[in-house]
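Working notes, beginning with the structure itself.
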Amino acid sequence: MTLHLYNTFLRAKEPFAPIDPSNVRMYVCGPTVYDLAHIGNARPVIIFDVLYRLLRLIYGEGHVTYVRNITDVDDKINAAAREKNVPIAEITAATTAAYHADMAAIGALPPDHEPRATETIPEMVAMIETLIQKGHAYAADGHVLFAVQSFEDYGKLSRRDQDELIAGARVEVAPYKKYPGDFVLWKPSDADTPGWDSPWGRGRPGWHIECSAMSKKHLGVTFDIHGGGRDLIFPHHENEVAQSVCANAAPFARYWVHNGFLTVEGEKMSKSLGNFRTVRQELEKAPGEAIRLAMLKTHYRQPLDWSDDSLKEAREAVGKWYRAYREVTGGAKYEGEASVPPAFAAALCDDLNTPEARTLLDAYAGEVFTAKTPAAKEVALKHLLGAANLLGLLTQGPDDWFHSEKGALEPAEIERLIAARIAARKGKDFAEADRIRDELAAAGVILEDRPGGVTEWRRA
RNA sequence: GGCCGGGUGGCGGAGUGGCUACGCAGCGGACUGCAAAUCCGUGUACACGAGUUCGAGUCUCGUCCCGGCCUCCA
């Protein structure tokens, strides 16, 4: 079982071979903390969380280092602070805390390191100095710029031709640039803007240098996987490559993994369209595991249309698996040992084929339902749980899943009505039993009568 | 204009040459006091046109349509 990943650099799937199997290293571009995480931010988090879990399965839990940064210095943050008239640190602290809470709610494991840009300024300054010394960057007008023409391979990752880029450029070229494609490594800050002292005066880093410095600090100059959204390929990742390769005189990331874009109800998500959806808003509609499955039921490189219907379908699908789970445990969390079926691992090893993985989960759940003996059901459940857990799904007990959502009626009241209905049924008073069931249905509670006189309930 | 990706059944969504996934919805049946849940069965597809091949959603070329990026953006 060999992991194959689609490498953007080659535009092809290739077998994954880590530099050091005892320490597989992955870097993923994290959020700029100026606002609540939206559902588009959640996609790479969930995808690379699955990749992280898979790598830990293959190479061992202690043998994978996952770094995801926090960008806490950025002009959007400055703008948000100005708009709300609060200190910048307040914005970044509150947004970071919200981000952690939201990512935990969608079941993402925390990365091994989560460096902040503001904690990595000396490393960035050092890298910029190296680039100037080596003739890859120059100071001009308080700025430091990367000289794109000094790097022969510039444009290789994004497959862009420099001259064509400039011809198609939409933005006015800043006067201090020697060449229109040059990009900012360091820019001056006025008194009201966050800044750090540097050889070029008080200023702040450009966006791209952050990731070059933070990845180097925690993963070394050359590491295995660099991930992010495909919209980052150019300019962000292209520029990271240029900075890192030129400063370190060593290869940068070996595998570039990019997830596809996300639309909402068929439209690009944007503030101007007013269709921004935060993770928080979606968590009001469905549990975190439903959000995860809604993300994973489409292959990560495909475009994904996020919709209420799709989220609802994912919630139902997860519900079916929990129903199978309940078939074995009666609602409690399973205490036995689960195992990942080889076919399931193989699906994920094929460039994270999560749609195929989802199909297998349905098959394992089906085996639970159709198995003839309790022992056979339990074997099937071990497969279901081992597989689902690898995707960060089925992490709670069935009762937790079915009963934790809020609704019009409290669980205690629901249980009371169910007891009354059971009594009515025992007395063959079906009219009363049906009246209670209708009453519950009106309150969004669906009943499922199970063998042995047990009645289960769930929210519609 | 350049680069990249996509067009599969009512909907979602896999599938890089041959065995016509899978899920949801629909329909029929079993089970049930009736439902719900579950099980069994069942119909519908590969944007269009050429080509390669014994054989093509799957490879090649062309056409049409949709989306992303082109120095703010997961």
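Residue numbers begin at 1 in each chain, while the letters A, B, ... track the order of the sequences.
Counting atom types as modelled, Arg425(A) pairs a side-chain N or O with a base atom of G33(B) as donor and acceptor under 3.5 Å.
For the salt bridge (Lys or Arg N to Asp or Glu O under 4.0 Å) test, no residue two or more places apart in sequence or in another chain qualifies with Glu14(A). Not counting sequence neighbours, the partners of Pro44(A) by the side-chain contact (heavy atoms from CB on, under 4.5 Å) test are Phe48(A), Asn259(A). The side-chain hydrogen bond (donor to acceptor under 3.5 Å, both in side chains) search around Glu114(A) returns His100(A), not counting sequence neighbours. Asp112(A) pairs by the side-chain hydrogen bond (donor to acceptor under 3.5 Å, both in side chains) definition with Tyr52(A), not counting sequence neighbours.
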Polar atom pairs (N or O), protein with nucleotides 36-39 of chain B, under 3.5 Å:
residue, atom, partner, partner atom, Å
A36(B), O2', Leu447(A), O, 3.3
A36(B), N1, Asp449(A), O, 3.2
A37(B), O3', Arg323(A), NH1, 3.0
U38(B), OP1, Arg323(A), NH1, 3.0

Return the polar atom pairs (N/O with N/O) between nucleotides 4-6 of chain B and the protein under 3.5 Å, or none.
residue, atom, partner, partner atom, Å
C4(B), O2', Arg230(A), NH2, 2.7

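Every pair passing salt bridge (charged side-chain N to carboxylate O under 4.0 Å, His left out) that includes a residue from residues 291-305 of chain A is listed here, sequence neighbours excluded: Asp49(A)-Arg292(A), Lys297(A)-Glu313(A), Arg301(A)-Asp351(A). Here salt bridge (charged side-chain N to carboxylate O under 4.0 Å, His left out) pairs that include residues 231-241 of chain A, with residues two or more places apart or in two chains, number zero. Sorted pairs that involve residues 421-443 of chain A and meet ring pair (Phe, Tyr, Trp, His ring centres under 6.0 Å), not counting sequence neighbours, are lacking altogether.
For the pair Ser310(A) and G12(B), the criterion of a side-chain N or O lying under 4.0 Å from OP1 or OP2 is not met.
Paired runs in RNA chain B that reach 3 or more consecutive Watson-Crick or G-U pairs, where each pair keeps both distances under 3.5 Å, cover B:1-7 with B:64-70, B:10-12 with B:22-24, B:26-30 with B:38-42, B:47-51 with B:59-63.
Here the separation of A45(B) from A36(B), taken at their C1' atoms, is 32 Å to the nearest Å.
Between Asp305(A) atom CG and C24(B) atom C1' there is a gap of 16 Å when expressed in whole angstrom units. The distance from atom CG of Leu185(A) to atom C1' of U71(B) is 13 Å, rounded to the nearest whole Å. Rounding to whole angstrom units, CG of residue Asp231(A) and P of A74(B) are separated by 6 Å.
Across residues 372-394 of chain A, not one residue has a non-hydrogen atom less than 4.0 Å from an atom of RNA chain B. The stretch residues 427-438 of chain A touches RNA chain B through Phe430(A), Asp434(A), Arg437(A), each having a heavy atom within less than 4.0 Å of the strand.
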